[in-house]
Asks: 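Below is a structure I'd like to ask you about.
Below, read A as the first sequence line, B as the second, and so on, with proteins coming before strands; counting in each chain starts at 1.
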Protein chains: 2
Amino acid sequence: MSTSTVDSTDPRTRRHEAKRARIVAAAWELARRDGVGAISLRELAAAVELRQPSLYAYFASKLDLYDAMFHEGNSRLLERLDALPPTDDAREAVKRYARAFTEFALEDPARCALLLQRPIPGFEPTADSYAVAQQVVACFVERLHAAGMVDPGDVDCMTAMVGGLIDAQQSNDPGGDRWVRHLDRLVELHLDDAQRQRHHRQEGQ
Amino acid sequence: MSTSTVDSTDPRTRRHEAKRARIVAAAWELARRDGVGAISLRELAAAVELRQPSLYAYFASKLDLYDAMFHEGNSRLLERLDALPPTDDAREAVKRYARAFTEFALEDPARCALLLQRPIPGFEPTADSYAVAQQVVACFVERLHAAGMVDPGDVDCMTAMVGGLIDAQQSNDPGGDRWVRHLDRLVELHLDDAQRQRHHRQEGQ
DNA sequence: GTCTATACATCGATAGAC
DNA sequence: GTCTATCGATGTATAGAC
């Protein structure tokens with residue numbers, strides 16, 4: 001039983017995980033250079049001084065590699081968001097969260113593509129990897145609630161707006177701020193509108 | 001001189017253009033079935049009863065085929081938008097335009113992917129094809145102006161919002177209306193906010 | 001367990017006959 | 001314009017050495 005169980009203190013599995021991480025890092029480098037969809041397993045293997053078939057000792061398939069990249073990227077995003085300085089101002093907290101998310105996404109077009117869009121035909125995140133992505137959303141929703149945005153529809157509008165800004169920025173003005181500079185204002189606009197809607201609903205009852 | 005010039009009345013070039021259009025139509029079919037990025041030139045050739053190398057008599061490369069698809073898709077979108085019933089109400093006109101655009105995008109995930117996102121590594125629209133896409137934007141901006149939204153920043157916010165809704169809808173709830181149902185409300189929210197900003201600016205001067 | 005070596009199917013693209 | 005033949009590269013997979 002103990003031999004079949006994953007043991008993170010086992011030096012062998014530790015080395016294995018370390019090399020896996022090294023491969024994922026090299027894959028991100030290639031993705032940044034050529035695009036996420038243009039990663040060649042042979043070139044990736046060469047980058048970590050392996051032969052291509054040896055990669056299959058670490059990943060069951062190329063889609064499995066993408067899943068590992070997806071997981072790693074979302075984990076980093078979650079770290080970044082967890083490290084945000086806390087605030088008593090709930091609205092300020094929302095803005096910081098949205099800003100950090102946006103900055104993270106725009107730092108790296110390749111990362112942005114894999115995490116936010118679906119550029120790989122046939123790639124669907126594992127339940128495990130998807131859970132990390134869900135955590136990012138859940139954490140955002142939490143802060144929106146704290147800032148008075150409780151209606152799920154309003155939350156959807158907010159997330160769509162942030163995603164839309166990032167997408168437009170990435171696609172039409174990479175490296176600039178033509179769209180992203182409106183982030184704070186639009187976050188406030190949505191928060192205010194949600195507040196207004198809430199009052200209307202209360203009056204309506 | 002006349003032999004080297006493109007003559008659309010020449011039956012030979014007309015047949016050529018017709019077959020090119022047939023190939024593009026078949027390519028869209030494959031894109032709908034397998035995804036835009038998963039089109040196989042051999043399968044496409046078989047669909048129009050040709051051998052794979054014969055496609056190169058109609059397209060210089062696979063990217064050239066994608067460009068033709070991009071052009072055709074945007075042309076159809078422009079037709080659709082031009083056919084919208086006119087209104088005296090400028091705000092209503094904006095909403096109709098945004099609604100038609102959204103409907104068009106969501107009708108076909110593959111079309112949505114090629115026209116709005118950049119799912120093909122290395123694909124950049126030709127200047128000619130891009131011009132059609134620009135026309136769609138220009139027409140939207142025109143109606144926004146008529147509805148009192150004159151600030152370019154506000155226009156950017158509006159386009160990003162519409163794109164964000166479409167993207168979220170397509171990615172997270174294909175076929176549903178969880179995000180898109182807020183379109184009208186958000187268009188009005190942005191129009192109202194632009195109006196408010198304009199008054200602030202006038203007061204500030 | 002991890003590696004080398006190799007085979008296989010498929011892909012986009014090109015050359016040249018007709 | 002359409003074909004056959006072929007190229008180089010890719011992702012996938014297996015066999016077998018150590």
Asks: Please tell me which of A:Tyr58 and B:Glu43 maps to the more 5' nucleotide of DNA chain C, matching each residue to the nucleotide holding its nearest heavy atom.
Replies: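 Whichever sits nearer the 5' end wins; that is A:Tyr58.
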Asks: Heavy atoms under 4.0 Å, any strand shown: does B:Ile39 hit a base, just sugar-phosphate, or nothing?
Replies: sugar-phosphate
Asks: Going by an N to O cut-off under 4.0 Å, is there a salt bridge joining A:Arg76 and A:Glu107?
Replies: no
Asks: Compare all side-chain heavy atoms of B:Asp34 with those of A:Pro121 and state whether any distance is below 4.5 angstrom.
Replies: no
Asks: Thinking salt bridges, do B:Arg99 and B:Glu92 make one under a 4.0 Å N-O criterion?
Replies: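 B:Glu92 and B:Arg99: salt-bridged.
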Asks: If you measure from the Lys or Arg side-chain nitrogens to the Asp or Glu carboxylate oxygens, is any gap between A:Arg185 and B:Asp193 under 4.0 Å?
Replies: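 Here A:Arg185 pairs with B:Asp193 in a salt bridge, since their nearest N and O are under 4.0 Å apart.
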Asks: What class does the angle between the rings of B:His190 and A:His190 fall in, given that below 30° is parallel, 30 to 60° is tilted and above 60° is perpendicular?
Replies: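 Because their plane-to-plane angle is over 60°, the rings of B:His190 and A:His190 count as perpendicular.
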Asks: Distances under 3.5 Å only, N/O to N/O: pair up the protein atoms with those of nucleotides 4-8 of chain D.
Replies:
from, atom 1, to, atom 2, distance (Å)
D:dT4, OP2, B:Arg51, NE, 3.4

Asks: If you measure from OG1 on A:Thr126 to OH on A:Tyr66, what distance do you get to the nearest 0.5 Å?
Replies: 14.5 Å
Asks: Indicate whether the side chain of B:Arg14 and that of B:Thr9 have a donor and an acceptor atom separated by less than 3.5 Å.
Replies: no
Asks: For D:dG11, does OP1 or OP2 lie under 4.0 Å from any side-chain N or O of A:Ser40?
Replies: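 The answer is yes; a side-chain N or O of A:Ser40 sits under 4.0 Å from OP1 or OP2.
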Asks: Tell me, please, the opening and closing nucleotides of DNA chain C, 5' to 3', among those with an atom under 4.0 angstrom from a non-hydrogen atom of chain A.
Replies: C:dT2 to C:dA7
Asks: Could you tell me the separation between the CG atom of A:Leu44 and the C1' atom of D:dT10, rounded to a whole number of Å?
Replies: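 The answer, rounded to whole Å, is 14 Å.
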Asks: For B:Asn74 and B:Gln135, test the side chains for any donor-to-acceptor distance below 3.5 angstrom and give the result as yes or no.
Replies: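 No - no donor-acceptor pair under 3.5 Å links their side chains.
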Asks: Atom CG of A:Leu65 and atom C1' of D:dT12: how far apart are they, to the nearest Å?
Replies: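 To the nearest whole Å, that distance equals 14 Å.
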